[in-house]
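Quantities reported herein were computed from a predicted structural model and do not represent experimental measurements. All heavy atoms count here, side chains included; hydrogens, waters and symmetry mates do not. Just so we're on the same page: letters track the sequence lines, and every chain starts at 1.
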Protein chains: 2
Amino acid sequence: MTDPLDAAILRVLAVDARATFAQIGQQVSLSAPAVKRRVDRMRADGVIRGYTVRLDPAALGWQTEAFVELYCQGSTSPATMRAAVEQYPEVVAASTVTGDVDLMVQVRARDMRHLEQVVERLAAEPFVSRTRSTVVLSALVRRPDVMP
Amino acid sequence: MTDPLDAAILRVLAVDARATFAQIGQQVSLSAPAVKRRVDRMRADGVIRGYTVRLDPAALGWQTEAFVELYCQGSTSPATMRAAVEQYPEVVAASTVTGDVDLMVQVRARDMRHLEQVVERLAAEPFVSRTRSTVVLSALVRRPDVMP
DNA sequence: TTTGAAAACACTTCGAC
DNA sequence: GTCGAAGTGTTTTCAAA
């Protein structure tokens, strides 16, 4: 499905998704049209979901980040959790997890006051029985998805 | 620093970082050169860190994801933690955090066996006193960085 | 099937306004 | 900020490995 050449192309795109097909081709020893065809195929196959910009959160006013663990009532469906949590622009990611906690939510806020408000609103969701927040002190590593 | 027009441009780039300046311009009512100048400025200012591809982890063989909390020995510097954790290609993100836990590490592995190996290696790091892993059941929300 | 070369088309980029 | 021209990149076509 994705041979070593595809993987090499993805590595280049992971570092710079706006690289030209010719630039990518130079790094993987392929012509621009050959690269484009492979990229088009991976896009169609769903291996490539899209391209996005990497921003400096601090420069945009996001100063505070936290992991908020939600303990949910017994029979809350993932769909319900998702629908609720998706509404929050402050929610960067959310996953159902094993263990005591039911839902792990990553929140980005302007400051502590803002974070507090978001956590309060999350805690007030009907299916949430209690929350536990862990504030991020500093982000040491942040990598785009890589190959296995 | 970033006016509403810049924010609009970033929103377009967040959805499709390979959009042409002309396409972006159409969505924000600006000419292509005007968009380019703003993008160049945000790039120079560090607001835009770069562009990356969004991949389907499962399609690439990453089937398992987990939050691994590391409890570290009293006086371990963030630099030490970072240097150690950065070595692992399986580590997607790592942050120092408040609370009992010292380091929150997000790991992506091929399968449970692979995850287990990674956790064991992390636990064997000299400064790690104990670990606690939470496996992701399903990713409900995953958003690129957005505006405050 | 997949590739590379060439041509037509679109975008980027820069100077002038 | 826009406009227009010159340089690049993209995309299609086609022939070959």
Whole-Å gap separating P (dT10(D)) and OH (Y51(A)): 11 Å

Touch class at under 4.0 angstrom, heavy-atom based, for L5(B) against every strand present: sugar-phosphate

Nearest-Å distance for atom pair CZ/C1', residues F21(A) and dT2(C): 17 Å

Sugar-phosphate, base or nothing in reach of S31(A), heavy atoms under 4.0 Å: base

Sugar-phosphate only, base, or nothing, as touched by R37(A) at under 4.0 Å among non-hydrogen atoms: base

Separation of atom CD1 in I24(A) from atom P in dT8(D), rounded to whole Å: 19 Å

Phosphate OP1/OP2 of dT13(C): any K36(B) side-chain N/O under 4.0 Å: yes

E69(A) side chain reached by T131(A) side chain, heavy atoms, under 4.5 Å: no

Aromatic plane relationship, H114(B) with W62(B) - under 30° parallel, 30 to 60° tilted, over 60° perpendicular: parallel

Separation of atom CG in L30(B) from atom P in dC11(C), rounded to whole Å: 16 Å

Q23(A) vs P33(A), nearer the 5' end of DNA chain D by closest nucleotide: Q23(A)

Lys NZ or Arg CZ of R82(B) over Y88(B) ring: under 6.0 Å, within 45°: no

Short side-chain N/O contact to dT12(C) OP1/OP2 from R18(A), under 4.0 Å: yes

Distance, rounded to the nearest Å, where R41(A) contributes CZ and dT11(D) contributes P: 17 Å

Shortest non-hydrogen contact from V97(B) toward V136(A): CG1-CA, 4.1 Å

Rounded distance (Å) that lies between atom P of dC11(C) and atom CG of D40(B): 18 Å

Heavy-atom closest pair, residues M81(A) and C72(A): CE-SG, 4.0 Å

Residue whose nearest DNA chain D nucleotide is more 5′ - R38(B) or T20(A): R38(B)

Nearest-Å distance for atom pair CZ/P, residues R43(A) and dT11(D): 12 Å

Most 5' of A22(B) and A32(A) on DNA chain C, judged by nearest nucleotide: A32(A)

